[in-house]
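I have placed the structure first, in the form of structure tokens, so that the comments after it can refer back to it.
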Amino acid sequence: MFPEEILLDKNQVLASLSELPDKVSSEDLIERILFIKLIESRLRETAEVPHEQVMQELKALKQKKLAELTKKA
């Protein structure tokens, strides 16, 4: 199967392209779009952390903090 396609926001792409010079190569345009796609991909990866994992990490952090407080007391 193909990985899920990442759709880009047209306004975001246009805003990014407007930062380029008036004359630009097709390679630079493609590079800019691929860069935006890479950023969207990384943002999506960080947003897909399972709820259980977050809860386990919070529980471990809470236990660590309680252990630190107990040592100080």
Side-chain angles (χ1 to χ4, degrees):
M1 284 208 133
F2 295 108
E4 184 180 335
E5 182 180 359
I6 296 178
L7 300 177
L8 304 176
D9 181 80
K10 181 171 74 172
N11 291 326
Q12 180 184 18
V13 172
L14 291 174
S16 180
L17 294 180
S18 71
E19 296 171 359
L20 293 172
D22 289 339
K23 301 260 182 183
V24 64
S25 70
S26 57
E27 289 84 13
D28 287 341
L29 287 172
I30 293 168
E31 184 178 307
R32 178 65 63 110
I33 292 170
L34 290 175
F35 180 70
I36 295 168
K37 184 178 178 181
L38 175 66
I39 291 171
E40 288 296 321
S41 166
R42 296 297 186 251
L43 288 172
R44 184 177 289 182
E45 286 174 7
T46 60
E48 294 178 353
V49 177
H51 177 74
E52 292 85 22
Q53 180 180 344
V54 172
M55 295 307 292
Q56 288 175 348
E57 290 174 7
L58 287 173
K59 183 178 178 181
L61 181 61
K62 180 180 177 182
Q63 290 172 344
K64 180 181 174 185
K65 290 293 181 182
L66 285 174
E68 289 173 2
L69 290 173
T70 304
K71 284 183 182 180
K72 290 181 181 179

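Computation of the quantities below employed the complete heavy-atom set of this structure, encompassing side-chain atoms and omitting hydrogens, waters and symmetry-equivalent molecules.
- In this structure, T70 contributes its side chain and L66 its backbone to a donor-acceptor pair below 3.5 Å.
- Taking OG of S41 as the start and CG of L34 as the end, the distance is 11.5 Å to the nearest 0.5 Å.
- Taking every heavy atom of both residues into account, L20 and V24 meet most closely at CD1-CG2, 4.3 Å.
- Contact check for S25 versus E27: side-chain heavy atoms found under the 4.5 Å cut-off.
- With hydrogens and angles ignored, the 3.5 Å screen pairs no side-chain donor or acceptor of R32 with any backbone N or O of L17.
- Q56 and E52 share no side-chain donor-acceptor pair at under 3.5 Å.
- No continuous path of ILVMFWY side-chain contacts below 4.5 Å connects F35 to V13, so the two sit in separate hydrophobic clusters.
- Here the closest non-hydrogen pair linking L8 and K37 is CD2-CA, 3.8 Å.
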### Residue pair L7, E5: steps toward the side chain to side chain contact (heavy atoms under 4.5 Å, CB included) verdict
CA-CA 6 Å; L7 300 177; E5 182 180 359; 4.1 Å; yes
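- A chain of hydrophobic side-chain contacts below 4.5 Å, direct or via other Ile, Leu, Val, Met, Phe, Trp or Tyr residues, connects I6 to L29.
- Note that the CG atom of D9 and the CG atom of L14 stand 9.0 Å from one another [nearest 0.5 Å].
- From I39, atom CD1 reaches atom CD of Q12 across 7.5 Å, with rounding to the nearest 0.5 Å.
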